[in-house]
Amino acid sequence: MAVSSAPGKVYLFGEHAVVYGEPAVPCAIEVRARVGVEQRSDNKLRIHSEDLSLDGFTVEYAGSADERPDVDVSESLLTAAMGYVDGAIEQVRDVTGDDDVGFDVTIESDIPLGAGLGSSAAVAVAAIDAGTRELGTTLEIDELAERAYQTEYDVQGGQASRADTFCSATGGAVRVEGDDCRSLEAPDLPIVIGFDGGAGDTGELVAGVRGLREEYEFAADTVESIGDIVRNGEQALAEGNIEELGRLMNFNHGLLSALGVSSRSLDSMVWAARDAGANGAKLTGAGGGGCIVALDESDEAETALSYTPGCKDTFRAELADTGVRRVE
Ligand code: PMV
């Protein structure tokens with residue numbers, strides 16, 4: 001058996017706008033998905049996962065991807081999670097040229113599903129890496145990132161940026177603009193996460209922004225303004241200017257909110273963190289529900305979040321310098 005892990009991420013800046021060619025800056029964090037892959041003697045795919053979330057969803061699943069497991073998790077989320085594993089295994093088969101190889105796949109994840117922390121990208125990266133290694137091939141990081149992107153692209157019906165998968169494969173803070181992906185120097189960031197226990201529908205949220213952008217010029221301008229925030233953010237990151245990063249994150253959240261992708265619980269958590277003295281706070285990922293990211297050196301934001309109605313979990317996250325990790 002080969003086991004690989006890959007980290008989740010937060011968007012410091014640029015989600016949604018990245019879909020329209022603007023740059024984005026995600027940053028890998030030390031919450032991981034670990035995937036074990038073992039070759040079978042037949043051509044079946046068996047997926048077993050006891051925990052695909054920090055809180056709430058426990059998935060016990062064994063069978064082919066089209067069987068429906070009896071679990072307490074929304075069907076669309078679970079189908080999506082299983083879809084990423086299927087897609088990743090297709091990539092493994094493509095690399096090795098063996099279409100008939102079967103696998104037992106075991107997933108353990110500390111990353112909540114669909115909550116803006118890049119769970120699907122981490123699962124795809126770790127599964128492709130472990131699957132190819134199980135068959136004797138170790139992929140270069142760039143190819144691994146590209147194949148994980150292809151998995152997300154296929155599963156999400158052509159709506160995906162390279163941001164999540166590149167960040168999860170390489171670790172650290174990265175800059176993604178179209179197909180140009182590169183690593184950035186980043187200071188140690190005092191990252192605090194708030195999680196509302198829910199999840200947004202990425203496809204629906206992306207479609208909503210697309211519609212607004214087509215209907216109103218000012219919505220298209222808003223998307224472009226997010227790109228300007230990202231460019232300023234890169235500068236602040238290079239200077240290690242946490243105060244400026246926080247201000248820009250606040251601005252970014254305001255524009256995402258204007259584009260209709262925030263929610264009451266995300267806004268409550270953002271305001272709780274700001275009121276507690278955080279340098280800044282914003283939603284991360286597609287929005288609609290899920291997680292916010294705040295920058296706060298003290299414990300105040302985390303404490304305030306733990307008392308905030310609508311916040312189910314809060315924790316401090318270290319920046320993950322390493323992306324994919326070859327565990328065994
Ligand atoms: O919620 P997440 O982590 O899947 O992030 C979605 C980010 C979007 O920009 C909205 C879509 C994308 O593929 O970049």
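Starting from 1, each residue takes its place in the sequence as its number. Atom set for the values below is all heavy atoms of this structure, side chains included, hydrogens, waters and symmetry mates excluded. As the structure lists them, so they are numbered: ligands from 1, and atoms in each ligand from 1.
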task: Check whether any side-chain heavy atom of D86 lies under 4.5 Å from a side-chain heavy atom of I47, and answer yes or no.
output: yes
- prompt: What residue and atom, counting heavy atoms only, is the protein's closest point to atom 11 (C) of ligand 1, and at what distance?
  reply: V19 CG2, 3.9 Å
query: Quick one: which ligand 1 atoms are inside 4.0 Å of a heavy atom on H16?
result: 8 (C), 9 (O), 10 (C)
statement: Of all heavy-atom pairs linking A286 and H16, the shortest is O-NE2, 2.8 Å
query: How about E243: does its CD atom have over 12 heavy atoms from other parts shown lying under 6.0 Å from it?
result: no
task: Give the numbers and elements of all ligand 1 atoms closer than 4.0 Å to a heavy atom of K9.
output: 3 (O)
- request: Give the contacting part of E152 toward ligand 1: side chain, backbone, both or neither, where contact means a heavy-atom distance below 4.0 Å.
  value: neither
salt_bridge(D179, R162) N-O dist < 4.0 Å: no
query: Do you reckon Y149 sits in the same ILVMFWY cluster as V35, going by side-chain contacts under 4.5 Å, direct or chained?
result: no
task: Please report which non-hydrogen protein atom sits nearest to atom 12 (C) of ligand 1, along with the residue it belongs to and the distance in Å to one decimal place.
output: S161 OG, 3.6 Å
message: Looking at ligand 1, would A163 count as a contact under a 4.0 Å heavy-atom criterion?
response: no
- prompt: Are side-chain N/O atoms of Y11 and D164 paired as donor and acceptor at under 3.5 Å?
  reply: yes
message: Only heavy atoms of E15, strictly under 4.0 Å: list the atoms of ligand 1 that pass.
response: 9 (O)
- prompt: Taking NZ, NE, NH1 and NH2 as the nitrogens, is one of them in R231 or D228 under 4.0 Å from a carboxylate oxygen of the other?
  reply: yes
message: Need the ligand 1 atom indices (1-based, order shown) with element for anything under 4.0 Å from a heavy-atom of Y11.
response: 5 (O), 7 (C), 14 (O)
A286 N/O to ligand 1 N/O under 3.5 Å: yes
message: Could you tell me, atom by atom, which parts of ligand 1 come under 4.0 Å of a heavy atom of G118?
response: 3 (O)
task: Flag the pair R32 and E108 as a salt bridge only when some basic side-chain nitrogen lies within less than 4.0 angstrom of an acidic carboxylate oxygen.
output: no
message: Applying a heavy-atom cut-off of 4.0 Å, say which part of D164 lies close to ligand 1: side chain, backbone, both or neither.
response: side chain
query: If you measure from the Lys or Arg side-chain nitrogens to the Asp or Glu carboxylate oxygens, is any gap between R182 and E177 under 4.0 Å?
result: no
- request: Heavy-atom contacts with A160 under 4.0 Å: which atoms of ligand 1 show up? List them by number with element.
  value: 13 (O)
statement: Quick note on ligand 1: atoms under 4.0 Å from a heavy atom of V18 include exactly 9 (O), 14 (O)
